[in-house]
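Comments concern the structure below.
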Amino acid sequence: MREEILKAVAAPPKVLWAPMVPAIINLGIQFPVMFMAIGIGNMNPLTFIFLIIFSHAALCAAGFKEPHLSTMLQAYGQTYIKTTNLYQVTGNKFAP
């Protein structure tokens, strides 16, 4: 086997010790909320910095417990697709 494949499976990508996909989602949500709260409510950004650090530490803990958390989230996103039934039944059936 090639070394790149083994490295990707054995060591999933991380951002500052947190799984990549949850860390990007976390920052993608918290930074706009922080900037809107600063602009609209004239809030202190230091409180948001503490929240960002706390949530990143929680993601790091979850990443140490389950290293493939990013892959699990991506796989869940692909399995949530609605299926079309080949014959009329109630619910979704995967068998033809």
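Taking every heavy atom of both residues into account, Ala23 and His56 meet most closely at CB-CE1, 4.3 Å. Taking each heavy atom of Lys14 and Gly63 in turn, the nearest pair found is NZ-O, 3.9 Å. In plain terms, the two heavy atoms of Ser70 and Val21 that are nearest each other are OG-N, 3.1 Å. Closest non-hydrogen pair, Pro19 versus Pro22, comes out as O-CD, 3.5 Å. Nearest heavy atom pair, residue Asn44 against residue Thr47, reads O-OG1, 2.9 Å.
Taking Ala37 as the reference, Met43, Phe48 meet the side chain to side chain contact (heavy atoms under 4.5 Å, CB included) condition, with sequence neighbours excluded.
Rounding to the nearest 0.5 angstrom, the gap separating the CD1 atom in Ile25 from the CE atom in Met20 is 12.0 Å. The structure places CD1 of Ile49 at 15.5 Å from CZ of Phe54, a figure rounded to the nearest 0.5 Å. From Leu46, atom CG reaches atom CG of Leu51 across 10.0 Å, with rounding to the nearest 0.5 Å.
Other cluster members for Leu59: none, since no ILVMFWY side-chain heavy atom sits under 4.5 Å from it. Apart from Leu69 itself, the hydrophobic cluster it occupies contains nothing, where clustering links Ile, Leu, Val, Met, Phe, Trp and Tyr at side-chain heavy-atom distances under 4.5 Å.
Criterion: ILVMFWY side-chain heavy atoms under 4.5 Å apart, direct or through other members. Under it, Ile38 and Leu27 are part of a common hydrophobic cluster.
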